[in-house]
Amino acid sequence: MPIYSEKVMEHFMHPRNVGEIENPDGVGNVGNPVCGDMMSFYIKVKDNRLEDVKFKTFGCGAAIAVSSIVSEMAIGRTLDEARNITAQLVADELEGLPKNKFHCSNLGAEALNNAIDDYLEKKKKQGGEE
Amino acid sequence: MPIYSEKVMEHFMHPRNVGEIENPDGVGNVGNPVCGDMMSFYIKVKDNRLEDVKFKTFGCGAAIAVSSIVSEMAIGRTLDEARNITAQLVADELEGLPKNKFHCSNLGAEALNNAIDDYLEKKKKQGGEE
Amino acid sequence: MRQVYLDNAATTPLLPEIADEMMPYLGKYFANPSCLHDWGDAPREAMENARLQVANLIGARSEEIIFTGSGTESNNFAIKGLAMARQAKGKHVVVSAIEHFSVLHSAKTLEKWGFEVTLVPVDGQGLVDPDAVRQSLRPDTVLVSIMHANSEVGTIQPIAEIARITRENNVLFHTDAVATAGTIPVDVTGLGVDALSLAASQFYGPKGAGALWLKKGVRIMPLLDGGVQEGGRRAGTEDVPAIVGLGKAAQLAAGSLTDRLNRLTSLRDRLLAELPAKIEHVIVTGVALPAQHRLPGHASFCVEFIEGESMLMLLNIQGVAVASGSACTSRALKASHVLIAMGLSHELAQGSILFTLGIDNNHEDVDYVLEVMPPAVDRLRQMSPLYAKFTRTGKGGG
Amino acid sequence: MRQVYLDNAATTPLLPEIADEMMPYLGKYFANPSCLHDWGDAPREAMENARLQVANLIGARSEEIIFTGSGTESNNFAIKGLAMARQAKGKHVVVSAIEHFSVLHSAKTLEKWGFEVTLVPVDGQGLVDPDAVRQSLRPDTVLVSIMHANSEVGTIQPIAEIARITRENNVLFHTDAVATAGTIPVDVTGLGVDALSLAASQFYGPKGAGALWLKKGVRIMPLLDGGVQEGGRRAGTEDVPAIVGLGKAAQLAAGSLTDRLNRLTSLRDRLLAELPAKIEHVIVTGVALPAQHRLPGHASFCVEFIEGESMLMLLNIQGVAVASGSACTSRALKASHVLIAMGLSHELAQGSILFTLGIDNNHEDVDYVLEVMPPAVDRLRQMSPLYAKFTRTGKGGG
Ligand SMILES: Cc1ncc(COP(=O)(O)O)c(C=O)c1O
Ligand SMILES: Cc1ncc(COP(=O)(O)O)c(C=O)c1O
């Protein structure tokens, strides 16, 4: 099935960080069944760093591999660093994606970003409540 | 080359009665180079019968075979009998012609007819002159 | 590892005896069949023999067969060519919502050319209601095209009934029989249609050869203009080896249709029955058991909470070749227009998976699928946010 | 009896090494290249390799190659597809009077669709005058199509010169290179065209495979609507074996073009020189010696006072395969539109005969033709009323 790189296949076969985080600090959801892919990212933040990232994904092989690599790329990063994980970086890290699957790498970056937004939002609210 | 029947091929390879008749009793010409076929039929008439028929033909294999068989069918016939040599009879006698070549059998019958007309015309004129 | 090819709707293997039949035309009988010299004889005669073989398969006359390069070309030729030849009479065309893209997109092209197109809906099993066709007809309708069977959900349409309606209304009727010709009995008189598309690569013949059957006297505008090949209706040097292969495939199919049918049906019925029994939340798409109005080798499903391509990939790793969505366009990303037209949600439609059996398959292949499929589904569901939601809330299931 | 095939313009034999290359795709690599599972890999990779081979032959990029089923399809696709994609800009198209029917009749179809078509004339050698193309251009001209070489008279057109004019005027330029690609050097950049048609069956490849090269960025309306194959520009299950054969043929041609060219030219030049020397009242059609602007294997004549098909038949009986009029449409009865456009009389044009050499031919073949041709001509002239008239009156000769 060499429409996918070996790296994509490896992550599809052995996805890292599948699952949910109980009481996550942030959650990011993207996609919908019409476009064919849905991703939920869960993050745990400590000292402005992503201590843990988990995901659940409904989608094609590329979507699963993207989720896996994004989670791997994100763990241990500061929030700012994590924000710099672009679709292109994700695709490069996977040694390329077929043209019609590039949008998947976009979704992965977006889901992570949404989770970070969610964390910051919550924090702001908590700050306001304090 | 089995687009042509064996009979067509035989007449094409060994056409009967090729040539001209010196001082013919009638001459019939049909066709022109635009349509691709030209036939000249020469007849000798004796006692209202076709004593001799010869032809010259410019045209495809079918045109040559048709000329040959028409000459053969005509020799020895009365003028009225010769008039009954239709395109269909010619095609049948040749064991069939390809659809796009059927017009050749028409030409053959027409050329013979024209030669008979020419003969009758001349005779009438001679009769008038007498 | 066991290798199990279950993607016969995408294309069937070429039978070795058909390939053998083609060989001389890839060798010494290479000449152009239009040529007048002796070299043209063997290819021309072989082509005319193939024409007769194809005609015999569908109960037609050989002069009614026009060879094309694919099912897609036959459909484009039929839809555009029949409509355009009748535009003086009217500019309305009727097709079903679940036609193959070669019909649907040809109809779209007709729209660009000033035609109006009505899409007839289907029910939850993918069946066209003949009455809906009747109601779609207008005084300016010049063509109806309803496929004989759909290759995504296997549903066989009531073509003969629809044909009665088009005949009553004096409207031309084309059917796309690419999924049926050579697979189930197809008889143009029994079906009552005016034009019919078929393709060799769907019944163990070669790629590159299709045909359009056109009832004697029906006018059509050529799609490929040029030389006088195929009576001036389809120009271009004929692909003799492929045409010979199509003929041989037709002859073999005609001779073994019932055998093949029985064999495939028994395998199919096991899949239709046992897969949903083994895996929770799996629905059959198209006609469920007892499945008379279903293609014999065709078992299609939607697996809830997960997506088709990832299932396909996991099965592929186990040596099993299947399709998801439309077999021929697995690379298109959108949910199958067929499943959506049948009323399935996008979520469910994304989980489509399609097993299409061929004459080489056996019960061990089915056993193997039944063994490797459940863990694959399980694994993907463990990753799925939709499944998580369902197990949490009991909601989202179909 | 000696068998001499001299009808390579109708189609060339398939080289055994090309057939060998195709075999795996008629066997175990049968799958649909669009499929996502492993079965699709080998056919897909083979197809992409073929795309590169074809691109290399004509100095193009592989993503610019669209596979089709024939030269005719490529031409229909180009003429209709390029014009229709530009109809908002204008509805005027320019083609030469001696184009292949697949171009001419496509242009006629455009006329039915509201386009205007200008036919550019040719001179007595079949050459298009670039200035005539310039003068035919109008503000609403959207497409010019001039063939690279004509397969009836072998004349090679000044494509690069014409391309300079179309570029200056911002008009799209397509060339039908079916008679040249794989036979003489064809370089899309050097030619300066925007689109180019070719076909495998003209250079020892299989039937059923052609290509349209389309410069990157040029828009086209598909001729075959349907699936997403060929980037959505040409739908239908790909004929992988034929495509592989096209690729291999392109590779072999690229590697031996000069050798083939030299070999064919020397045989051709003998025919062009010796046939008119041996038989009275024979004229060369197209470019006479020294024949740079002539296809290397191509020798065509008109024999006065007799008709081509009957000559063809007599040569056939002697084991020699030739064509008369248009090679691909020998069954059409009218005088060649090419010869008429070149100003020949119908009478003369009917006597057309066409020897097209291939890489299997040798000098003994030429000797044989020079031996059997004169008596055949003589025999037919003895039957010809035109020859009789000429010998009587000295009139009617050309
Ligand atoms: C019902 C139907 N119609 C048309 C086609 C198109 O046929 P092809 O791929 O030969 O062009 C297919 C392809 O599988 C099909 O299933
Ligand atoms: C110049 C030219 N264009 C187009 C064609 C048509 O090609 P095909 O017969 O492959 O459709 C031919 C056929 O010989 C040709 O010579």
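Scope of the values below: all heavy atoms of this structure, side chains included, with no hydrogens, waters or symmetry mates. Quick note on labels: first sequence line is chain A, next is B, and so on, each numbered from 1. Owing to the predicted nature of the structure, the values given are computational and were not obtained by experimental measurement.
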**Request:** With a 4.5 angstrom heavy-atom cut-off, could you sort out which part of B:P15 is near chain D: side chain, backbone, both or neither?
**Result:** side chain
**Complete:** Max heavy-atom pairs within cutoff under 4.5 Å with chain B, candidates D:R379, D:Q382, D:M311, D:R381, goes to D:R379
**Asked** With a cut-off of 6.0 Å (strictly less than), are more than 12 heavy atoms of other residues, nucleotides or ligands near CD of D:E280?
**Response** no
**Prompt:** Side chain, backbone, both or neither: which part of D:L314 has a heavy atom under 4.5 Å from chain B?
**Reply:** both
**Message:** Give me the atom names and distance for the closest heavy-atom approach of D:P385 to B:M38.
**Reply:** CG-O, 4.2 Å
**Message:** If I take atom SG from residue B:C60 and atom CG from residue D:L312, how far apart are they, to the nearest 0.5 angstrom?
**Reply:** 11.5 Å
**Message:** Test side-chain contact (heavy atoms from CB on, under 4.5 Å) on D:Q350 and B:D37; report intermediate values, then the result.
**Reply:** CA-CA 9 Å; D:Q350 292 288 1; B:D37 294 306; over 6 Å; no
**Asked** Would one find more than 12 heavy atoms of other residues, nucleotides or ligands at under 6.0 Å from atom CD of D:E364?
**Response** yes
**Request:** Counting only heavy atoms closer than 4.5 Å, note whether B:M13 contacts chain D via side chain, backbone, both or neither.
**Result:** both
**Request:** Applying side-chain contact (heavy atoms from CB on, under 4.5 Å), run through D:M313 and B:Y4 and close with a yes or a no.
**Result:** CA-CA 11 Å; D:M313 285 173 67; B:Y4 286 135; 3.5 Å; yes
**Request:** Search all heavy atoms of D:A388 against all heavy atoms of B:K56 and return the closest pair with its distance.
**Result:** CB-NZ, 4.0 Å
**Item:** Closest heavy-atom pair and its distance - B:V18, D:M383
**Value:** CG1-CG, 3.6 Å
**Prompt:** What's the spacing between D:I306 CD1 and B:T57 OG1 if we round to 0.5 Å?
**Reply:** 13.5 Å
**Item:** B:G61 versus D:S310, closest heavy-atom pair with distance
**Value:** N-CB, 4.2 Å
**Complete:** Sorted by chain and residue number, the ring-ring contact (aromatic ring centres under 6.0 Å, His included) partners of B:F55 (sequence neighbours excluded) come out as B:F41
**Message:** Are more than 12 heavy atoms, taken from residues, nucleotides or ligands other than B:K44, located less than 6.0 Å from that residue's NZ atom?
**Reply:** yes
**Message:** Taking B:F58's backbone N and O only, do any of them form a donor-acceptor pair with D:S384's side chain (distance below 3.5 Å, no angle check)?
**Reply:** no
